[in-house]
Protein chains: 2
Amino acid sequence: MTDRDVDVLSKAPLFEALDEQGAKALRANVAEVRLARGQTLFNEGETGDRLYVVLEGKIKLTRTSPDGRENLLSVLGPGEMFGELSLFDPRPRTASAVAVTECRLAGLGHDDLRPWLTGHPEVAVHLLRALAQRLRRTNDVMADLVFTDVPGRVAKALLDLAERFGQPSDVGLHVHHDLTQEELAQLVGASRETVNKALADFAARGWLRIEARAVVILDVERLRKRSR
Amino acid sequence: MTDRDVDVLSKAPLFEALDEQGAKALRANVAEVRLARGQTLFNEGETGDRLYVVLEGKIKLTRTSPDGRENLLSVLGPGEMFGELSLFDPRPRTASAVAVTECRLAGLGHDDLRPWLTGHPEVAVHLLRALAQRLRRTNDVMADLVFTDVPGRVAKALLDLAERFGQPSDVGLHVHHDLTQEELAQLVGASRETVNKALADFAARGWLRIEARAVVILDVERLRKRSR
DNA sequence: TGAACAGTGTGACGTACGTCCCACCGCGTA
DNA sequence: TACGCGGTGGGACGTACGTCACACTGTTCA
């Protein structure tokens, strides 16, 4: 594990609560996992009690409806944690995890983590806070599904991705989200075609430029306005 | 606090992890709150760090969109907990709590609870599990919003309410949900009119009977099938 | 060099559901 | 008795968005 990895890990809610010594001890238990683009880490319905933190690359969490349609819960980048639900609540996974780009993950098993939860209350409290934040975010997304139209949701999704993966440049805010328009559509709960049209419309207005698996946001303010 | 209240409280995830002695000690800190139908306990945007458990009656959690439209997150009955997000993650409340029926609540403040979180790891772990379950449920609801049509969501909502508030009788499963059709509509993310039509359709098919703020489910199986 | 394929761009068409209406019913209050 | 008022029932109409269809591009693999 590189220094950079250690740095990324320390930003995850799980490690935030630990002092240098504790973090070091916990790090000793992580198993590193590497995935190629498109490779799946685990599938909906499987049992599993491992939690992961993204070290490098991007992972998507997806659900499949009975009739085979897909729904993208979220896209996670470096420092973000997932898979913890099955750890706190021992049930089959309710989502699949698939690599959006080549990526490296830090994995921690139930047995490695349990002593930290029971022996270090600060850790549990930090995790409670992290889950509470997630619940809030999820409720926000739900409200958007009900109240906001597809272009609005696309705008919001882009801004969210920009916040986490965006890189400012002289020409605009470069968001290399690595998602196909199909995946973007699954993320906002719409069809690929309507998402495409929304993007084309934004581009025609000069708010952004479309690139392969990326957009360059030219007018953040307009986009933000459209998202509400 | 009556014996019945003690019984109800003990089913809340917060108390589940405690032994008889611990539960007794924690109960000593609860403040009882009474609300009349329609009365609001707290509002979106307010600060607050109290957690509540419903002792009797029903509470709804609602969010209001910027343009004034309402969204009903959930309806909670006896034994169910709410308001804990602001306790774990100290931010303004993101939903309002309003009494759907006359009701009584047990309230616990941050200061009363903190020692239990840090001193009794089982409590924190139980709460983590409760939040994980909530997150799973919320994700389910989100998937329904994307994939299921309004009648399907209505069917699902009724079955969910039936599971929690339903009382079997000779004629059918009596679900006294205490919600107006408007509230039901806000719960499933649809307009009052379409929910009404869905209900009328179900009734015409003989799957249920509509009553004031209640339904009697006559054919659970058909309704379940329709919900998928 | 071409064939196959994944991803994108765009138009035509159908429909589920929202909005706008109004009628009706029961209930409390003047 | 009449009058509002909150809630329900249900029709007419518009539209956002899904589905289908097809053309176009760039990339990979014979």
Side-chain angles (χ1 to χ4, degrees), chain A residues 36-38 60 65 67-72 98 100-101 143-155 157-158 176-205 208-216 226-227, chain B residues 36-38 60 65 67-72 98 100-101 143-155 157-158 176-205 208-216 226-227:
Chain A
R37 164 166 175 82
K60 63 174 176 181
S65 77
D67 61 330
R69 296 168 58 190
E70 294 231 328
N71 176 13
L72 222 156
V98 178
V100 171
T101 68
D144 286 339
L145 275 179
V146 175
F147 294 128
T148 314
D149 63 3
V150 174
R153 288 179 346 238
V154 171
L158 290 178
H176 216 90
H177 51 65
D178 288 304
L179 302 173
T180 65
Q181 292 185 1
E182 175 70 46
E183 289 170 320
L184 209 51
Q186 291 166 0
L187 180 60
V188 302
S191 73
R192 193 217 100 218
E193 291 91 328
T194 40
V195 168
N196 178 310
K197 280 159 195 168
L199 285 173
D201 181 58
F202 293 163
R205 290 169 191 273
L208 51 78
R209 227 179 49 226
I210 304 174
E211 302 191 348
R213 286 175 194 181
V215 294
V216 183
R226 183 58 181 86
S227 79
Chain B
R37 166 168 175 80
K60 65 175 175 179
S65 76
D67 59 330
R69 296 167 59 188
E70 293 231 328
N71 176 15
L72 223 156
V98 179
V100 171
T101 68
D144 287 339
L145 275 178
V146 175
F147 295 127
T148 314
D149 62 3
V150 174
R153 293 189 328 249
V154 171
L158 290 178
H176 216 90
H177 52 65
D178 288 305
L179 302 172
T180 65
Q181 293 186 357
E182 175 71 46
E183 288 169 322
L184 210 51
Q186 291 166 359
L187 181 60
V188 302
S191 73
R192 194 218 98 216
E193 290 92 328
T194 39
V195 168
N196 178 318
K197 281 157 194 166
L199 286 173
D201 180 59
F202 294 162
R205 290 170 192 273
L208 52 77
R209 226 179 50 228
I210 304 174
E211 301 191 347
R213 285 173 195 184
V215 294
V216 184
R226 183 59 181 83
S227 78

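FYI, side chains are in, hydrogens and waters are out, and symmetry mates aren't considered; it's all heavy atoms of this structure.
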Is the shortest side-chain heavy-atom distance between [X] and [Y] below 4.5 Å?
{"X": "Leu199(B)", "Y": "Asp201(B)", "result": "no"}
{"X": "Arg213(B)", "Y": "Leu179(B)", "result": "no"}
{"X": "Val195(A)", "Y": "Lys197(A)", "result": "no"}

Quiz item: Who passes side-chain hydrogen bond (donor to acceptor under 3.5 Å, both in side chains) against Glu193(B), sequence neighbours left out?
Solution: none
Quiz item: Checking side chain to side chain contact (heavy atoms under 4.5 Å, CB included) against Glu70(B), which of Glu182(B), Gln186(B), Glu183(B) comes through?
Solution: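 Option passing the side chain to side chain contact (heavy atoms under 4.5 Å, CB included) with Glu70(B): Gln186(B).
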Practice problem: Using a 4.0 Å cut-off on protein heavy atoms (strictly under), produce a 5'-to-3' string for nucleotides 7-19 of chain D with B for base contact, S for backbone-only sugar-phosphate contact, and - for none. | Solution: SBBBBB----SSB
Quiz item: Can you tell me how far the CG atom of Asn71(B) sits from the CG atom of Leu145(A), to the nearest 0.5 Å?
Solution: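 It is 10.0 Å, given to the nearest 0.5 Å.
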Exercise. Taking only Lys NZ, Arg NE, NH1 and NH2, and the carboxylate oxygens of Asp or Glu, determine whether Arg209(B) and Glu211(B) approach each other closer than 4.0 Å.
Key: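 A salt bridge is present here (some side-chain N lies under 4.0 Å from a carboxylate O).
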Practice problem: Decide, yes or no, whether a salt bridge links Arg153(B) with Asp149(B) under the criterion of side-chain N to carboxylate O below 4.0 Å. | Solution: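 A salt bridge is absent here (no side-chain N lies under 4.0 Å from a carboxylate O).
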Please tabulate the protein-to-nucleotide N/O contacts below 3.5 Å involving nucleotides 25-27 of chain D, giving atom names and distances.
none

Quiz item: What's the CG-C1' distance between Asp201(A) and dT10(C), to the nearest Å?
Solution: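 Value for this atom pair: 13 Å.
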